[in-house]
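Lettering of chains follows the sequences in order, A, B, ..., and the numbering in each one begins at 1.
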Amino acid sequence: MALLTFLGLEPGLQEATFIIRLFLVFYGVYQDRTMIVKYTDIDYLVFTDAARFITEGKSPYQRATYRYTPLLGWILTPNIYLTDLFGKLLFIAGDIIAAYLMYQILLLRQLDSNKACWYCAFWLLNPLPMTVSSRGNAESLVAVLVLATLYYMEKRNLVKAAVLYGLAVHMKIYPVTYALPIALHLQSDKCCEKGTMDTRHLKRSKFGFVLFFWKLFLRLLNYDVLLFGAVAGFTFASLSLVFYYHYGWEFLEHTYLYHLTRRDIRHNFSPYFYMLYLTAESDWSFALGLAAFLPQLLLLLVVSLAYYRDLAFCCFLHTAIFVSFNKVCTSQYFLWYLCLLPLVMPLLRMSWQRGILLLLLWFVGQALWLTPAYFLEFKGQNTFLLIWLAGLLFLFINCFILVQIISHCQKGEQMARKIKQQ
Amino acid sequence: MVAIKQYLPKGLYIDPYELTSLQQHNLTEIIVTSENTQYIDVEAPEYLATEIDLFIYMKSDSQCAHCFRAMLPVHCRYHRPAENDGKTSGVLKSPEILIHCQKRGCWKQSEIEAPCSQRNGHTCRWNNVKYKFVNEKVIVHIPVGLKEHSSLVCVMTLLATALCSSLVLAAVCKHGHFSLAQCS
């Protein structure tokens, strides 16, 4: 507990939430031993089995469905040597560290200590990350790495930020989408030319568009961006080379390629699920997959260009869009943007009633999907059309919430100016 | 001792990790005897999967004098979408029943050699027994997608995602700030 008060947050809050998480871990042990339906997530058993293979000197990929970096298996080897609860304890500690990083980032953005604490409480007291980490999912580790990257970017410590970013991309591919906003953010502090080139100018000349991107490209070739790119690239490449040397092609296939080419025809939250299931073996399959990729790509590009000044907000929008429009979406993915929401909340000019309503709407959307999914999975009824419609509705709800967040956000410039005044 | 040899078609499978967990709770004793025992792909659809052979040890039923029971947790795989019927069937054919006689010399010929129990590795000799079925086969109805929905689903999904992305795009263009930063 002394460690927690040292972290600087409200003493009562983080102790209480740590104890709740500990309780959930031990309750999980009880449920696993006594009931047939396990509390522990299947992924945790996969990690533990892979760690066991590593302790026997073998490849972790001998464990079926282990599709993560070997680093995770190595980190969890104390599961075999000490106690099989080590991993879960590590993940709930990751939750607390993530909250600490959120708090520090909010302090750096000139928020006062009490308010910052309340925004962190949204993460600490939220049942979703609590259950995900106590069930043994490793999402909190990636959340810590992403938040630490943002923290060091705020402090302009580029080398540390780049190392952590390289590590984050190695552990989970999705942070690679942050590369463009980070590059744009780093060039925005450099003074290359007087005045601005804004969109009104573009409308006048048809070459203005090309000129805009050409000037942008030139400004991206500055020292900060190149340093960040080199360090992050070096971190990522060295980790990949070390593990490729040890585990060969299997490592590349399971850690990266599987996630890039993943097409899960089984039911999931994605709006594309039924379309991909019905066309899995048809000639249109590749074209449809590509068509599904275009909205994601376009939106990510436009959001990067519009909001790169406020990196946390931009990354939040990036991940929320990426997850909502992805071809596969499971509930673990929600944590990827949930961990950035406390950083975005202070920017929102929204009444708390509207915020609560949007949150409820989000949960209702999930419940409407989970109901027909339950009847399909456990009762064997043909509810595919209902699941598909619920998936489309969930997409609408997510986009509605995103539009509300975008339209109620303080202008990015004001935030950037505030940071410059530090 | 009584055991059965059960064959699972491609459309059905058992989860080896669930099996290990049930075995730890003494709820079932099953050995996977198919050729590629190493790996049952729990995620594969039916057309990419393999058949599974199982050896299931039966326990005496406490409620019925001459009855034997066992639990087999079976899962259904995703099948190809059907033309016009929303369900396809997985068929569980009747198993072979094997009996191991524990007294010495009670059967002259015991043809089949198999482990005595799932836990230890000792082999016993089992005899295949003819019997009368109650049900010749068990049919499992598995829901599948309908091909006739394909065009509707594709068009509606792409329209919906285009609409949603346009909404978000419009909001970003309206509220976002597109310019190269000015000098400080």
>> For K93(B), I'd like to know if atom NZ has over 12 heavy atoms of other residues, nucleotides or ligands within 6.0 Å.
In response: no
> Considering residues, nucleotides and ligands other than K5(B), do more than 12 of their heavy atoms fall under 6.0 Å from its NZ?
Replying inline: no
> For I142(B), is it the side chain, the backbone, both, or neither that has a heavy atom closer than 4.5 Å to a heavy atom of chain A?
Replying inline: neither
> For the residue pair G176(B) and A306(A), what are the closest heavy atoms and their distance?
Replying inline: CA-CB, 4.0 Å
>> I need the minimum non-hydrogen distance between H177(B) and R309(A), along with the two atoms involved.
In response: O-NH1, 3.7 Å
>> Quick check for you: among M275(A), Q381(A), E281(A), Q296(A), which has the greatest number of heavy-atom pairs under 4.5 Å with chain B?
In response: E281(A)
>> Within this structure, what is the CG-SG distance for the pair L278(A) and C154(B), rounded to the nearest 0.5 Å?
In response: 7.0 Å
> Rounded to the nearest 0.5 Å, how far apart are CG of L152(B) and CG of L385(A)?
Replying inline: 7.5 Å
>> Would you compute the distance between atom CG of L299(A) and atom OG of S165(B) and round it to the nearest 0.5 angstrom?
In response: 5.5 Å
>> Heavy-atom cut-off 4.5 Å, strictly under: side chain, backbone, both or neither for I265(A) against chain B?
In response: both
>> At a 4.5 Å cut-off on heavy atoms, which part of V140(B) comes close to chain A: side chain, backbone, both, or neither?
In response: neither
> What closest approach, in Å, do L395(A) and T161(B) show between heavy atoms, and which atom pair accounts for it?
Replying inline: CD2-CG2, 3.7 Å
> Side chain, backbone, both or neither: which part of F273(A) has a non-hydrogen atom closer than 4.5 Å to chain B?
Replying inline: side chain
> Between P16(B) and chain A, which part of the residue has a heavy atom less than 4.5 Å away: side chain, backbone, both or neither?
Replying inline: neither
> Who among H75(B), H141(B), R80(B) has the most heavy-atom pairs with chain A under 4.5 Å?
Replying inline: R80(B)
> Which pair of non-hydrogen atoms, one from Y78(B) and one from L376(A), has the smallest distance, and what is that distance?
Replying inline: OH-CD2, 3.9 Å
> OG/S150(B) to CH2/W284(A) distance, rounded to the nearest 0.5 angstrom?
Replying inline: 12.0 Å
> Considering only heavy atoms, which portion of N398(A) lies under 4.5 Å from any heavy atom of chain B: side chain, backbone, both, or neither?
Replying inline: neither
> Heavy-atom count around Y258(A) OH within 6.0 Å, excluding the residue itself: above 12?
Replying inline: yes
>> Measuring from atom OG1 of T88(B) to atom CG of N382(A), what distance do you get when rounded to the nearest 0.5 angstrom?
In response: 11.5 Å
> Passes side chain to side chain contact (heavy atoms under 4.5 Å, CB included), H149(B) versus F384(A)? Steps please.
Replying inline: CA-CA 10 Å; H149(B) 292 157; F384(A) 283 110; over 6 Å; no
> What residue in V42(B), L27(B), L146(B) has the most heavy-atom pairs under 4.5 Å with chain A?
Replying inline: L146(B)
>> Please give me the minimum heavy-atom distance between V168(B) and I406(A), naming the atom from each residue.
In response: CG1-CD1, 4.3 Å
>> Only pairs of heavy atoms separated by less than 4.5 Å count here; which of D41(B), L22(B), T157(B) has the most with chain A?
In response: T157(B)
> Can you say whether Q24(B) sits under 4.5 Å from chain A via the side chain, the backbone, both, or neither, judging by heavy atoms?
Replying inline: neither
>> Counting heavy-atom pairs closer than 4.5 Å to chain B, which one of Y274(A), Y277(A), F396(A), Y272(A) comes out on top?
In response: Y277(A)
>> So for T279(A), is it side chain, backbone, both, or neither that comes closer than 4.5 Å to the heavy atoms of chain B?
In response: side chain
> Tell me, side chain or backbone of L317(A) under 4.5 Å from chain B's heavy atoms, or both, or neither?
Replying inline: neither
> For the atom pair CD1 (I42(A)) and CD (E18(B)), what is the distance rounded to the nearest 0.5 Å?
Replying inline: 9.0 Å
>> Take a 6.0 Å sphere around CE of M156(B) and say whether it holds more than 12 heavy atoms from other residues, nucleotides or ligands.
In response: no
>> If you count every heavy atom of other residues, nucleotides or ligands that lies below 6.0 Å from F286(A) atom CZ, does the total exceed 12?
In response: no
> chain A: which of P81(B), C164(B), A171(B) shares the most heavy-atom pairs with it under 4.5 Å?
Replying inline: C164(B)
>> Are more than 12 heavy atoms, taken from residues, nucleotides or ligands other than F400(A), located less than 6.0 Å from that residue's CZ atom?
In response: no
> Among L167(B), L158(B), V144(B), L169(B), who wins on heavy-atom pairs under 4.5 Å with chain A?
Replying inline: V144(B)
